[in-house]
Protein chains: 2
Amino acid sequence: MQEARKQFFQFLARKKLKFTSQRGLIFDVFWHIKDHVSPEELYNAVKQNDPRVGQATVYRTLKLLCESGIAREVNFGDGVARFEPAFGQSHHDHLICTNCHRSVEVMDPKIEKLQEKLARDHGFTLTGHKLYLFGICPHCREKAR
Amino acid sequence: MQEARKQFFQFLARKKLKFTSQRGLIFDVFWHIKDHVSPEELYNAVKQNDPRVGQATVYRTLKLLCESGIAREVNFGDGVARFEPAFGQSHHDHLICTNCHRSVEVMDPKIEKLQEKLARDHGFTLTGHKLYLFGICPHCREKAR
DNA sequence: TTAAAATTGATAAAGACATTCAAAATCTTT
DNA sequence: AAAGATTTTGAATGTCTTTATCAATTTTAA
Ligand SMILES: [Mn+2]
Ligand SMILES: [Mn+2]
Ligand SMILES: [Zn+2]
Ligand SMILES: [Zn+2]
């Protein structure tokens with residue numbers, strides 16, 4: 001908990017940026033929302049604590065959170081960027097229900113390995129990947145029958 | 001007439017939609033651009049043949065091309081939708097150079113199988129997926145040293 | 001040929017995100 | 001502590017992609 005906050009603080013210090021109250025608040029609100037949050041949603045949550053914070057500051061801080069390794073952007077194909085905690089989390093991909101939009105975090109080391117090999121076979125040095133699996137979740141399938 | 005053009009024609013007929021000259025032209029221009037084309041790029045290419053075509057029509061037709069299985073949308077993370085031929089093409093994913101933005105089409109049946117299994121293990125019925133591999137291509141790596 | 005229905009393109013609108021800029025906050029140097 | 005330099009902030013405006021509106025035109029059906 002303190003760990004992540006400290007990492008953000010140190011990142012800002014290293015870049016000679018200031019740890020302002022707004023940045024601190026946005027970090028805190030982001031950090032204890034466990035969901036995959038959009039800038040709009042985060043902005044609304046932040047406003048509950050301090051209505052004077054502007055949305056430009058939320059966008060700007062979200063960018064800093066990503067650069068510092070605290071947050072990671074994901075895109076579920078619903079037209080908005082979403083952000084999830086990336087510090088102290090191991091890598092995972094997402095399984096998304098196209099009906100209720102719930103998502104499950106998944107990871108298969110065999111898939112990860114094969115992705116590496118696939119890239120290498122084409123002479124690429126792999127630096128990252130995005131994998132989204134779309135389907136119908138058990139809950140929705142049950143309701144449909 | 002090409003196979004694909006016929007399929008588009010039949011799709012329109014089935015939906016009681018009209019095969020207009022604009023739709024025909026947009027299909028033709030799309031079909032012989034081999035690249036992953038954005039709506040803007042397609043619009044410009046179409047205008048070379050008929051400057052009177054509006055961009056709204058390009059967007060609308062692109063949607064029809066996707067519905068009919070002629071085109072498929074991909075998203076390389078550069079802020080625009082891109083479209084590629086989907087008819088008579090087997091499924092593939094993309095390996096994208098983050099430096100020069102060139103892309104390579106790749107596919108690994110083992111990865112595909114493991115995705116199925118991963119979804120099934122979580123009780124999901126898999127309906128689709130998006131996999132983008134990002135890295136540095138051989139060409140760019142060579143130039144960098 | 002006439003009437004009904006679908007399509008078109010110019011324009012406006014929407015929506016997410018980025019930029020601008022004057023005022024405010026924060027850090028540095030005296 | 002005060003002054004000065006630098007950064008940050010929030011409101012407003014701008015940009016970019018995509019969608020909606022709607023009167024006019026084109027196509028199909030009768
Ligand atoms: Mn996640
Ligand atoms: Mn492709
Ligand atoms: Zn569901
Ligand atoms: Zn390259």
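Chain letters run A, B, ... following the sequence lines, proteins first and then strands; every chain starts at 1.
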Side-chain N or O of A:T20 closer than 4.0 Å to phosphate OP1/OP2 of D:dT9: yes
Result of checking B:R72, B:H94, B:E41, B:R82 against B:H36 for side chain to side chain donor-acceptor pair (under 3.5 Å): B:H94
B:T61 (side chain) donor-acceptor with B:V58 (main chain) under 3.5 angstrom: no
Nearest-angstrom distance from the residue atom CD of B:E40 to P of D:dT18: 9 Å
Nearest-Å distance for atom pair CG/C1', residues B:L42 and D:dT17: 15 Å
Distance, rounded to the nearest Å, where B:Q55 contributes CD and C:dA12 contributes C1': 12 Å
Interatomic distance where CZ belongs to A:F19 and C1' belongs to D:dT9 [whole Å]: 16 Å
Most 5' of A:Q22 and B:A56 on DNA chain D, judged by nearest nucleotide: A:Q22
Rounded interatomic separation in angstrom, taking CG from B:L62 and P from C:dG9: 15 Å
Any donor-acceptor N/O pair under 3.5 Å between D:dT6 base and A:K18 side chain: yes
Spacing of B:I26 atom CD1 relative to C:dT7 atom C1', expressed in whole Å: 11 Å
Atom-to-atom span, NZ of A:K15 to P of C:dT26 - whole angstrom: 21 Å
Geometric class of the A:F8/A:F27 ring pair [parallel <30°, tilted 30-60°, perpendicular >60°]: parallel
Touch class at under 4.0 angstrom, heavy-atom based, for B:R52 against every strand present: sugar-phosphate
Spacing between A:N44 atom CG and C:dA16 atom P, to the nearest angstrom: 12 Å
Among C:dC17, D:dT9, C:dG9, the nucleotide that comes nearest once only the side chain of B:R60 is considered: C:dG9
Sugar-phosphate only, base, or nothing, as touched by A:K63 at under 4.0 Å among non-hydrogen atoms: sugar-phosphate
Short side-chain N/O contact to D:dT19 OP1/OP2 from B:Y59, under 4.0 Å: no
Residues B:Q2 and B:H32: side-chain donor-acceptor under 3.5 angstrom: no
Heavy-atom donor-acceptor pair, B:D35 side chain to B:V37 backbone, under 3.5 Å: no
